[in-house]
Amino acid sequence: METIIKKITHTEEDKKIYEQAGQILRAGGLVAFPTETVYGLGADALDAKASAKIYAAKGRPSDNPLIVHIADVNALYDLAKEVPDKALVLAEKFWPGPLTMILKKKDKVPDSITGGLGTVAIRMPSHPVAAELIRSSGVYIAAPSANTSGKPSPTRAEHVINDLSGRIDMIIQDDTVDIGVESTIIDLSEEVPTILRPGYITQAMFEEAIGKTIIDPAIMGSLKEGVIPKAPGMKYKHYAPKADVTIIDSSLEAFRDYVKAHGDKDTTLMVFTDSDCEGLDMPHICYGANDEEQAKELFDVLRDLDDIGAKKVYARCPNKDGVGLAVYNRLLRAAGFQVVTL
Ligand code: TXA
Ligand code: MG
């Protein structure tokens with residue numbers, strides 16, 4: 001199929017884009033659109049046939065559930081069987097924004113988008129294009145990240161075009177994706193809220209709002225054999241470039257010493273800033289001086305590594321708290337859990 005690509009211009013013309021996209025969604029088609037975290041690949045969430053197309057376009061395993069995007073908090077009562085007080089507190093504080101809540105689902109939410117789980121993931125995005133698309137289309141939009149399954153999530157339209165062109169009906173282009181890593185996921189379907197995926201909203205922010213939360217162990221490492229992660233998406237190899245990536249968890253000095261001892265002509269360095277590479281004569285890519293910059297750049301840099309044909313990559317280790325934890329969690333998967341701690 002030919003994919004329609006339309007760019008937001010902030011003029012009257014945009015109205016036509018939303019009309020066309022809305023028509024496609026209501027007719028059971030697929031539309032990729034920007035959000036504040038990453039681009040999403042949307043379909044009518046309550047149309048099981050439409051959302052099945054998402055899995056085919058991405059090559060996504062059918063047991064990996066989708067997030068339902070809403071434009072109005074009241075939609076919670078339409079989709080969730082129970083809306084706990086903590087969900088209302090979090091919605092008030094962090095919505096619209098980069099937060100996904102897992103709640104017990106109502107029957108009207110098709111099993112095909114929840115991987116057969118009794119729960120549904122719900123998010124109200126703050127990006128004006130996402131919000132307007134959901135509102136004007138009149139449907140809830142089921143949307144995973146708009147990448148081919150296994151690849152880094154898309155932070156630019158170009159990434160979506162490379163991955164999905166010819167496989168989906170429409171791409172709305174507006175390169176104002178800001179955060180760069182996917183939303184924080186918190187499971188509120190059980191007694192103690194559990195963070196299933198770290199993101200821009202951190203554990204400290206949750207605890208200030210609703211008290212005790214737990215971090216799912218799957219976030220920090222690969223799971224022991226036989227253990228099933230609560231967020232099915234966490235079990236898959238993800239984000240990985242073709243290169244063999246190793247995270248070096250160390251001081252800058254120890255990083256330089258390690259690279260001098262183990263690097264060779266095939267090595268590319270993934271560092272915070274240029275100055276990290278002083279005295280090292282190997283190609284390098286910078287991914288940001290602080291947590292926020294790293295979150296914004298990470299997925300683009302992982303794609304760049306493929307573009308330059310990197311074979312072996314040594315990466316400096318991000319912080320493991322705050323927004324840094326979200327970066328670490330993604331990089332860990334890109335590295336296939338290979339970490340050298342010095
Ligand atoms: O920022 C984001 O969340 C982006 C934008 C487009 O909104 N979306 C996104 O979707 O990252 P996706 O499909 O790439 O990641 C969804 C994650 C997966 O790991 C999936 O397993 C988990 O959410 N998930 C969805 N429904 C769930 C449920 N009912 N229980 C547990 N985990 C769930
Ligand atoms: Mg994804």
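Indexing begins at 1, ligand by ligand and atom by atom, following the structure's order. The first residue of the sequence shown is numbered 1, and numbering continues consecutively from there.
Between R135 and E132, at least one side-chain nitrogen of the basic residue sits less than 4.0 Å from a carboxylate oxygen of the acidic one, meeting the salt-bridge criterion.
Annotation: K260, atom NZ; neighbour count of heavy atoms from other residues, nucleotides and ligands within 6.0 Å is above 12. Heavy-atom contacts from other residues, nucleotides or ligands closer than 6.0 Å to CG of D107 number 12 or fewer. Residue K49 qualifies as open at atom NZ: its count of foreign heavy atoms under 6.0 Å is 12 or below.
Residue-ligand proximity, N64 to ligand 1, at heavy-atom distances under 4.0 Å covers atoms 18 (C), 20 (C), 21 (O). Heavy-atom contacts of A121 reach the following atoms of ligand 1: 25 (C), 26 (N), 27 (C) (cutoff under 4.0 Å). Residue L117 approaches ligand 1 through these ligand atoms, each under 4.0 Å from one of its heavy atoms: 28 (C), 29 (N), 30 (N). Residue-ligand proximity, G40 to ligand 1, at heavy-atom distances under 4.0 Å covers atoms 6 (C). Near S183, meaning under 4.0 Å from one of its heavy atoms, ligand 1 places the atoms 1 (O), 2 (C), 3 (O). Annotation for ligand 1: atoms under 4.0 Å from non-hydrogen atoms of H69 are 5 (C), 6 (C), 7 (O). Remark: ligand 1 atoms within the under-4.0 Å shell around heavy atoms of I67 are 3 (O), 8 (N), 9 (C), 10 (O), 16 (C).
At a heavy-atom distance under 4.0 Å, atoms from both the backbone and the side chain of T119 approach ligand 1. Only the side chain of R60 comes within 4.0 Å of ligand 1, judged by heavy-atom distances. No part of K105 comes within 4.0 Å of ligand 1, judged by heavy-atom distances.
In summary, the side chains of R167 and T148 do not present any donor paired with an acceptor at a separation below 3.5 Å, with no hydrogens or angles considered. Between T37 and S183, the side chains place no donor N or O within less than 3.5 Å of an acceptor N or O (distance only, hydrogens not considered). For the residue pair D244 and Q338, a side-chain donor N or O sits within less than 3.5 Å of a side-chain acceptor on the partner.
Note: no N/O pair closer than 3.5 Å links T35 and ligand 1 by distance alone. Geometrically, ligand 1 and S145 share a nitrogen or oxygen pair separated by less than 3.5 Å.
Looking at residues two or more places apart in sequence or on another chain, you find a ring pair (Phe, Tyr, Trp, His ring centres under 6.0 Å) between Y258 and H262, Y314.
Closest non-hydrogen pair, L117 versus K105, comes out as O-CE, 3.8 Å.
Taking the six-membered ring for Trp and the full ring otherwise, F33 and Y39 have centroids separated by 6.0 Å or more.
Not close to ligand 1: E36, with no non-hydrogen atom less than 4.0 angstrom away. The shell of residues lying under 4.0 angstrom from ligand 1, judged by heavy atoms, includes I102.
In this structure, the side chains of E158 and N162 come closer than 4.5 Å at one or more pairs of heavy atoms.
Only one option out of D174, D163, D175, D300 pairs with R156 in a salt bridge (Lys or Arg N to Asp or Glu O under 4.0 Å); it is D300.
Relative to atom 23 (O) of ligand 1, the option among I122, L41, I185 with the closest non-hydrogen atom is I185.
Counting only distances under 2.8 Å, and ignoring water, the protein N, O or S atoms around the Mg ion (ligand 2) are S145 OG.
Within the 3.5 Å criterion, the main-chain N or O of I168 finds a donor-acceptor partner in the side chain of T3.
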